[in-house]
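All remarks here apply to the structure that follows.
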Amino acid sequence: MDIGFTEELINRISILEPTSERYMSISRRQFVIGSTATAVALFNLRRSFAQQGEQFSNELKIPPLLEGKPSVNGKIYELTMQAGTSEFLPGIATPTIGFNGSYLGPTIHGRAGDQLILRVRNLLSEPATVHWHGLRIPARFDGGPHQLIEPGAVWEPSFRINQKASLCWYHSHTMGRTGEQVLRGLAGLFLIDDDESGSVGLPTEYGVDDIPLVIQDRRFQRDGRFDYPMSMHDTMMGYKGDVILVNGSVTPHFNILRQLTRLRVLNGSNSRIYSIGRDDGADLMIVGSDGSLLERPVSQRQLRLGPGERAELLIDAKANQSFRLMSYPDSVHAGPMGRGMMMGTMSDNSETFPLLELRAANFETINVSIPTKLIQVPNWLPAKSTLTRTLTLDMAMMGMGMMGRSNLSGSMGINGRSMSKERIDFEVPAGSIEIWEIRNSTPLPHPFHIHGIQFRVLDRDGAPPLPQEGGLKDTVLVDSGSVVRVITEFTRAASAEYAYMYHCHNLEHEDAGMMGQFVVV
Ligand SMILES: [Cu+2]
């Protein structure tokens, strides 16, 4: 087993040579990798798709908006988890699962102050949970691993939205099976509006000039099924696909209808980190993070987005202009081990590939002004914090010696312990402000997520947070060897029965035990 992992890793390193081609679809790269008959067959399956994909002939799917039905107790949202098939590759049916459809789910739409009732029905043949990622709600409604919905059962959490306008999301959080269930389709968006965000001059017409983008990567087997083998490599590095889906569409295009278009991007992938940029040399204008808008727009060449993170972009287009959103190789190399033999390929995010083509129609270009000020982002003073809590992300790597601590029961953990549903890792006093210092002692980057709260990033290795991190966040990338400090106030209750989770949002790492539980009392 040890040798197998090492050999596989070395094989990959020799494969992932830099390419001089401007675009090289990952599918073609896979062909270069493939030497067995199976790989060639896979390539043949994909070749027509890859060529078609490069013309971006698929129109971007937009998840339907789900509005709540008014009732005396609040707005009722009906969600049904169901199985079906989806056609991602032409003429090929892929078995998938989703909410109110066969893949992904509708975009739940609510406003700050709304009382919601979410009626979640499970028509799958397996138990699942639904976690409301980014929502500041009591833990008993949070949908963590303790809140299994059995086949045929209905779960009906009810809570008030009490947070900033933002793009949150919902997804399976089933113990040990989150990666697989999200991969098959159990995820959707949760869009929160408020008066403040509606008055700053950003586009707000969903599907017209306010466009959600759920970015995911998948591998397919020859028969069309998703390939999720959970090999040692996939567990350690996280699952990486070679076909990109945006809202379930393969290499799609979107027709820009207005001069200003807002793109709300969710990295809904299991483990891939995207470095998003435009292929026409223009900067990206970033206006929002996970849990709020930023205080003012930020221009950057690229936007690095880890699994579970969101960002809002503003596209200022000219008529008849066409360009692509790309993902570029991750500029942050792996840790100490990565700098030597691994040449930065340790994290496996080294490819360049297109995500989406944006085509501006022949609209009338007028000088729409871009807002220079957005919102006041809530903040907490470090001096008000009562505790700094250190959380060290650890992993054991077979065949490569132990990374981090040595007493892990699974292969991944936090502070030397793998996740156990039976163990509460710590208690946070209700109403207290705490600084959490997240240390990464592994050779891989980890997107760290805390349930039930939104935080501010205080610093990265002592330096100020990235400009794109200036809004509220619930998930933050912590690179190998790095220390990231976040601060927040814990206002919502969590009992031992339904604790809050904190974990790596690389779903393979989460399923392998890089997760813990805390209560707020
Ligand atoms: Cu991780």
Side-chain angles (χ1 to χ4, degrees), residues 5 9 131 133 144-145 171-173 175-180 182-183 216-217 228 230-241 267-275 290 304-309 330 332-338 342 344-350 390-398 400 402-405 408-420 425 436-451 457 460 473-484 486 501-517:
F5 179 57
L9 202 57
H131 165 55
H133 182 130
H171 60 79
S172 156
H173 214 300
M175 183 80 176
R177 299 197 61 191
T178 298
E180 184 217 321
V182 170
L183 182 108
Q216 301 176 305
D217 59 336
Y228 193 65
M230 284 306 289
S231 64
M232 177 69 82
H233 182 271
D234 282 330
T235 300
M236 288 295 171
M237 312 300 283
Y239 173 93
K240 300 290 190 308
N267 180 348
S269 305
N270 283 31
S271 91
R272 186 179 283 281
I273 296 170
Y274 299 89
S275 293
D290 303 340
R304 189 167 179 247
L305 207 60
E309 287 189 297
D330 194 357
V332 179
H333 284 198
M337 202 167 65
M342 303 302 173
T345 59
M346 190 67 193
S347 62
D348 248 12
N349 291 294
S350 50
T390 300
L391 299 165
T392 302
L393 311 178
D394 322 290
M395 64 197 284
M397 293 186 71
M398 303 298 171
M400 312 202 82
M402 300 299 289
M403 296 295 135
R405 312 191 185 189
L408 299 177
S409 58
S411 59
M412 310 258 172
I414 299 174
N415 288 348
R417 297 195 288 197
S418 284
M419 165 72 181
S420 165
D425 291 277
W436 287 20
E437 183 175 279
I438 308 141
R439 298 180 159 267
N440 182 350
S441 72
T442 79
L444 298 171
H446 300 286
F448 187 81
H449 172 49
I450 307 174
H451 284 213
V457 181
R460 296 184 156 273
K473 285 184 65 62
D474 52 57
T475 307
V476 64
L477 263 177
V478 184
D479 282 306
S480 175
S482 277
V483 181
V484 174
V486 304
M501 305 294 132
Y502 56 94
H503 62 91
C504 176
H505 221 285
N506 176 320
L507 300 182
E508 285 66 52
H509 293 176
E510 175 192 327
D511 285 340
M514 194 176 276
M515 178 156 68
Q517 314 192 87

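Whatever order the structure lists them in is the order used to number ligands and atoms, beginning at 1.
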(request) Would you mind checking if Asp330 and Arg304 are paired as a salt bridge, meaning a charged N to carboxylate O distance below 4.0 Å? (result) yes
(message) Please determine whether His505 has a backbone or side-chain N, O or S atom lying under 2.8 Å from the Cu ion (ligand 1).
(response) no
(message) Could you measure the distance from the OG1 atom of Thr392 to the CD atom of Glu437? Nearest 0.5 Å is fine.
(response) 8.0 Å
(request) Working to the nearest 0.5 Å, report the span between CG of Leu393 and CZ of Phe448. (result) 6.5 Å
(message) For a quick check under 3.5 Å, do His451 and His503 share a side-chain donor-acceptor pair by atom type?
(response) yes
(message) Checking one value in my table: which N/O/S atom of His509 lies closest to the Cu ion (ligand 1)?
(response) ND1
(request) Give a rough value, rounded to 10 degrees, for the angle at the Cu ion (ligand 1) between atoms SG of Cys504 and ND1 of His446. (result) 130°
